[in-house]
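Working notes, structure below.
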Amino acid sequence: QVQLVESGGGLVQAGGSLRLSCTASGGTFSRYTMGWFRQAPGKEREFISAINWSSTSTYYADSVKDRFTISRDNAKNTVYLKMNSLKPEDTAVYYCATRFGFSSHGYYSAPAPDDWGQGTQVTVSS
């Protein structure tokens, strides 16, 4: 059973930056895809970014492309999401996930219920 723990969320003014981290433990996850989803109050969960184990393939939703950067450090079992030029509409709970399939069109194999982190709140003020 893989355990995922996110950190790095918080309060930031519009135009600012944050870096989220997600560290995995407890499973054979070194070659797994990892990525990020977010959910704003009253809205559906949105798939925003993913990266494969070798960092040779990435995905970004149009809403975050050119502002967010995903990366991973397999030696540390950690995936990062660097968020620049934050906007109030980026306010959401950000969830790390693993063990899912993705392509340039989005995800095609959803994370299982146990393959999510607990979420970290990002609040962007105007």
Side-chain angles (χ1 to χ4, degrees):
Q1 183 177 350
V2 176
Q3 303 291 326
L4 302 175
V5 179
E6 302 101 330
S7 63
L11 304 174
V12 65
Q13 287 189 296
S17 298
L18 288 172
R19 189 181 74 161
L20 306 183
S21 298
C22 172
T23 298
S25 63
T28 55
F29 47 78
S30 63
R31 295 180 181 268
Y32 295 168
T33 288
M34 299 185 75
W36 296 90
F37 295 70
R38 68 184 182 186
Q39 189 164 21
K43 295 188 176 181
E44 296 296 317
R45 192 165 294 187
E46 178 188 14
F47 177 46
I48 58 170
S49 192
I51 186 167
N52 70 348
W53 78 273
S54 59
S55 298
T56 55
S57 296
T58 58
Y59 168 86
Y60 298 98
D62 288 343
S63 57
V64 306
K65 187 179 289 290
D66 299 324
R67 297 189 298 119
F68 292 10
T69 302
I70 192 168
S71 62
R72 68 190 294 162
D73 184 339
N74 290 334
K76 297 181 178 180
N77 302 318
T78 298
V79 64
Y80 305 95
L81 187 69
K82 183 65 168 68
M83 306 185 295
N84 294 326
S85 303
L86 284 162
K87 305 174 181 179
E89 52 262 45
D90 294 319
T91 295
V93 177
Y94 284 70
Y95 296 92
C96 176
T98 190
R99 300 179 66 188
F100 63 94
F102 76 97
S103 71
S104 62
H105 300 107
Y107 70 87
Y108 60 84
S109 180
D114 288 342
D115 292 330
W116 296 85
Q118 81 287 352
T120 186
Q121 177 72 47
V122 172
T123 302
V124 184
S125 63
S126 61

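Not measured: the values here are computed from a predicted model. Index from 1, following the sequence.
- For T91 (side chain) and V124 (main-chain N/O), a donor-acceptor pair under 3.5 Å exists by modelled atom type.
- Taking the six-membered ring for Trp and thresholds of 30 and 60 degrees, F37 and F100 have ring planes more than 60 degrees apart, a perpendicular arrangement.
- Using a distance-only test at 3.5 Å, with no hydrogens or angles considered, a donor-acceptor pair links the side chain of R72 to the main chain of I51.
- The salt bridge (charged side-chain N to carboxylate O under 4.0 Å, His left out) contacts involving residues 53-71 comprise R67-D90, where partners must be two or more places apart or lie in separate chains.
- Across A24 and V2, no two heavy atoms sit closer than the pair CB-CG1, 4.1 Å.
- Closest heavy-atom contact between Q121 and A92: NE2-O, 3.4 Å.
- Of the residues S57, S109, S49, the one that meets the side-chain contact (heavy atoms from CB on, under 4.5 Å) test with F102 is S57.
- Counting only N and O atoms by type, the side chains of E44 and Q39 include no donor and acceptor under 3.5 Å apart.
- When each of F47, W36, F68 is tested with Y59 by the rule ring pair (Phe, Tyr, Trp, His ring centres under 6.0 Å), just one qualifies, namely F47.
- Using a 4.5 Å cut-off on side-chain heavy atoms (C-beta onward), T69 and Y60 make contact.
- Going from atom OH of Y94 over to atom SG of C22 covers 15.0 Å, rounded to the nearest 0.5 Å.
- Taken from OG1 in T120 to CG in L81, the straight-line distance is 11.0 Å, to the nearest 0.5 Å.
- Under 3.5 Å, the side chains of S21 and E6 contain no donor-acceptor pair of N or O atoms.
- Within the model, atoms OG1 of T98 and CG of N77 stand 10.5 Å from one another, a figure rounded to the nearest 0.5 Å.
- Here the NZ-CZ distance, from K43 to R38, works out to 8.5 Å after rounding to the nearest 0.5 Å.
- Looking at T78 and T23, their side chains do bring a donor and an acceptor atom within 3.5 Å of each other.
- With a 4.5 Å cut-off on side-chain heavy atoms, S63 and E46 count as touching.
- Residues L18 and L86 meet the side-chain proximity criterion, which asks for heavy atoms closer than 4.5 Å.
- The local environment of NZ in K82 is crowded, with over 12 non-hydrogen atoms from other residues, nucleotides or ligands closer than 6.0 Å.
- Clustering ILVMFWY residues whenever any of their side-chain heavy atoms sit less than 4.5 angstrom apart, transitively, puts W116 in a cluster other than the one holding M34.
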